[in-house]
Each structure stands twice: as structure tokens, then as C-alpha cells.
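One-based numbering, in listed order, for ligands and for the atoms of each. Keep in mind that this is a model prediction, so the values were computed, not measured. For this chain, numbers begin at 1 and follow the sequence in order.
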Amino acid sequence: MNLHSSPDPLHFETRAIHVGQEPDSATGAVITPIYQTSTYAQRAVGEHLGYDYSRTDNPTRSALQECLASLESGRYGLAFASGMAAITTLLLYFKKGDHIVVADDVYGGTYRLFQRVFTAFGLEFSFVDMTNCEATRAAIRPNTRLVWIETPTNPLLKIIDVAEITALAHEHDILVGVDNTFATPYLQRPLESGADLVMHSTTKYLGGHSDVIGGAIVTSDDVLYERLKFLQNAAGAVPSPFDCWLVLRGLKTLALRMERHSENALHLAQWLEQHALVKRVMYPWLPSHPQHAVARRQMRAGGGMISFIASGGKAAAEKIAAATRLFVLAESLGGVESLIEVPAAMTHMSVANSPLQVDAGLVRLSVGVENVYDLMTDLDQAFESV
Ligand code: P1T
């Protein structure tokens, strides 16, 4: 099967199943083998079949990288050992004195890496509300090299207009990177809006089954790719062949899962909005969401993440999170099973006492693909514990 000679571009669902995953040329295995090897035989010194050492390249990883690139409408994919490893490798692209403008509501670990690790190496960061284009413009300095977007943001689910912020950054020759973990390429493709690179925690929806930690970067920029490919090998934060295989398997059902995650989440968000014990619901597909219009333009559906503020603050939030039976109280997101957490005390502990601090009464749901009525019944009984 030669996917590249087809006159018609294949659709997303088809590419997720086939790109980079042709039957194995040696055995005909329909599923990409797990090439669990660290090294490769050379016929003569320097004469090999394209692979010499698995930190540099591995066929299972190559399959994943090719598929990810295709799904994000990019030319090149790079896989990493975690989402944080992907961001760390990207930051090695910059040098002392470079300035990065960052969305003011990002995953707590991203904030921690920027503020508590890379500032010590001389990188400078400004955090700004990127739903406000003028505030973003004001944050740009002569030494700004990167604008870092997360949309929807974690955990407040703010929607940043990628096309608008990219146009602004490009006026100043600044690179734009988008953490597309929450939306996935099924719901939005930042490279098509002009962004220079897309990053993922493949731990989440791309893997989809809460059984792997991984990360990725996709770009179409030759210069950026060559340098990041060099850094992937030089710094060495690469995923194992088995972990690549797990993510590849997850990708095959990404489209189906994102449809159901989004359908279930919309249903629950509408129900939560009517609930007496809920002060505010944040979900991009609700008309009450402040950037609802941008979300409708930029995304295909609302995704599987909901945040809400419980009436009764911290105590109520923690009681609800401890009382669910189907929603598992745990960090992370994007798996087939539903999860519940309290960001201020869990995923976003590292932003406590910072300007990015989140409301202690905030509850975050990762809505899975279970039956939505079972999920609603579960939340309803958890609210009774308050
Ligand atoms: O956990 P890791 O694969 O290293 O990915 C980090 C990361 C990066 N970007 C976003 C938007 C994320 O949500 C994460 C990880 N987030 C969680 C573990 C969480 O519960 O929010």
C-alpha cells in the first residue's frame, strides 16, 4: 500500500490507522512491530540500513513520528519520553537572554519548568492573558523569540485564537508553539493556522488509555526540525519502542474517542450549568464561555475537559472529588475512563502563591467515553456529600 502515491489526500481517521504503519516489509505483520533493540548491525563500518542506535532512531518511533506529523498536517514529527521532555528539548533551542511569552494559564508542570528550571539558564519568561491580543502585543520585547500557547488552557479552559496570536508574533519574526494536548489534532490543527510547531503530551488523548507517558513535537519548518532532531538525539529524552507502540495503537481510535469525549462532556457541562451547587462551568462549547465564538471557529467540538467552581469553595470541591465512584480521583486526563481532580491541590500545586494560582474551589473533569447517564448519576451522588 503506497499511501503517498494516492491522488486524493486521505482523511484524518484513515491516516491515523495507516500512515507510517504499512505492513512490516520483512514479515508482513499488519501491526508495526515493537523494535525492542538498542543497536543495529552494520555490514561494514558506517554501512547500515538507516538505523545505527535507538536513541538516534528506531523504526517503531519512526512510524509514530510519521503518523503524528500527518495528523497535525506537518512535515516532521519527533517523539519524546514525556510532554515535559518535549518542552525541555524545545527550550534547548534557545539561549541565555532569549525571552518567551507564555499563556498565563498553563499546565503547572510547564510553569514550574519555565520558572524554576530554565530561568536559571538565563531564559526570560512573561506570562500573559493571551485571550487579550493587545496584552500579548505589550508583552513582546526586542529579545522575544517564542510565543507559547496552550489552548484550551489547563485548567481554566480559556480559548486562545491561534491565528490571531500567530499573526501578531510573525509581525515580529517570533516563533509560535502550541501545546495541543487538550484539543488533539482531531479537534484543531494549529499548524494550519500558521503556528510554527505543535507540542503534545501523548500521555493524554493520543495514547488515550492512561497506560503510557510520552510527548511529541510536530513542525513543517526545516531549520527548526533539523535543530530539534539534533537535540532529540543530543539530549536523549526519547521514548521506548514499546511506549511508541502504545501511542500508535491509541492513535488508531483517536477520532472515535474524541467524538465521544466531546459528546459526553457537552452533555455533562450543560447539566452542571443548571446544578444548584455549581457556581460556574468552564467548557468551550457552552454559549456562556467567554471565547465561545473563537472555539467554534477554531475547534471541531468542545473536547473532553470541563472545569467548574463548586459553591462552597475548597471544602466542597475536595468532598465532591473524594465522593465520586466512577470518576477516579487522579491527576492526568485524556483516557477512556473519567477522572476528577482539584487543580489547586493537585496538578497545579506548583503555581500556588504565584500569579497563576487557581481557585481552590475549582474541580476539573476529564470526561471519559463511558455511558453519559452513568457519569451524571455518579456526579449527582457525589454532590450529595457536600
Ligand atoms: O505529563 P507529561 O506527559 O510530561 O505532559 C506534561 C503536560 C504538558 N502539557 C499539558 C497541557 C499537560 O496537561 C501536561 C500534563 N498534565 C497533567 C498531568 C494534568 O493532569 O494536567
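- Those atoms of ligand 1 that come under 4.0 Å of a heavy atom in Asp179, given as number and element, are 8 (C), 9 (N), 10 (C), 11 (C).
- Aromatic ring centroids of Phe94 and Phe118 lie 6.0 Å or more apart.
- Looking only at distances, no side-chain donor or acceptor of Thr60 sits under 3.5 Å from a matching main-chain atom of Trp245.
- In the vicinity of Lys204, heavy-atom distances shorter than 4.0 Å reach the ligand 1 atoms 1 (O), 15 (C), 16 (N), 17 (C), 18 (C).
- At least one N or O atom of Asn154, backbone or side chain, sits closer than 3.5 Å to an N or O atom of ligand 1.
- Counting heavy atoms closer than 4.0 Å to ligand 1, residue Leu333 contributes side-chain atoms (C-beta onward) but none from N, CA, C or O.
- Annotation for ligand 1: atoms under 4.0 Å from non-hydrogen atoms of Gly83 are 2 (P), 3 (O), 4 (O), 5 (O).
- Among the atoms of Ser201, some N or O lies under 3.5 angstrom from an N or O of ligand 1.
- In summary, the atoms of ligand 1 found under 4.0 Å from a heavy atom of Gly214, numbered by their order in the structure, are 3 (O).
- Ligand 1 lies nowhere less than 4.0 angstrom from a heavy atom belonging to Gly109.
- Every N/O-N/O distance between Tyr107 and ligand 1 stays at or above 3.5 Å.
- Aromatic ring pairs are classed by plane angle as parallel below 30°, tilted from 30° to 60° and perpendicular above 60°; the pair Phe114 and Phe125 is parallel.
- Residues Tyr283 and Gln270 bring no donor and acceptor atom of their side chains to less than 3.5 Å of each other.
- Interface of Glu150 with ligand 1, defined as ligand atoms under 4.0 Å from a residue heavy atom, comprises 11 (C).
- Taking the six-membered ring wherever Trp is involved, the centroid distance between the rings of Tyr205 and His200 does not fall below 6.0 Å.
- Residue Val147 is tested with Leu168, Leu175, Ile174 for a side chain to side chain contact (heavy atoms under 4.5 Å, CB included); the sole match is Ile174.
- His275 and Trp271 have their aromatic ring centers within a separation under 6.0 angstrom.
- Around atom 21 (O) of ligand 1, the closest heavy atom drawn from Met199, Glu331, Arg364 belongs to Arg364.
- Between the side chains of Ser210 and Glu337, at least one donor-acceptor pair of N or O atoms lies under 3.5 Å.
- Taking only nitrogen or oxygen atoms, main chain and side chain alike, Phe182 does not reach within less than 3.5 Å of ligand 1.
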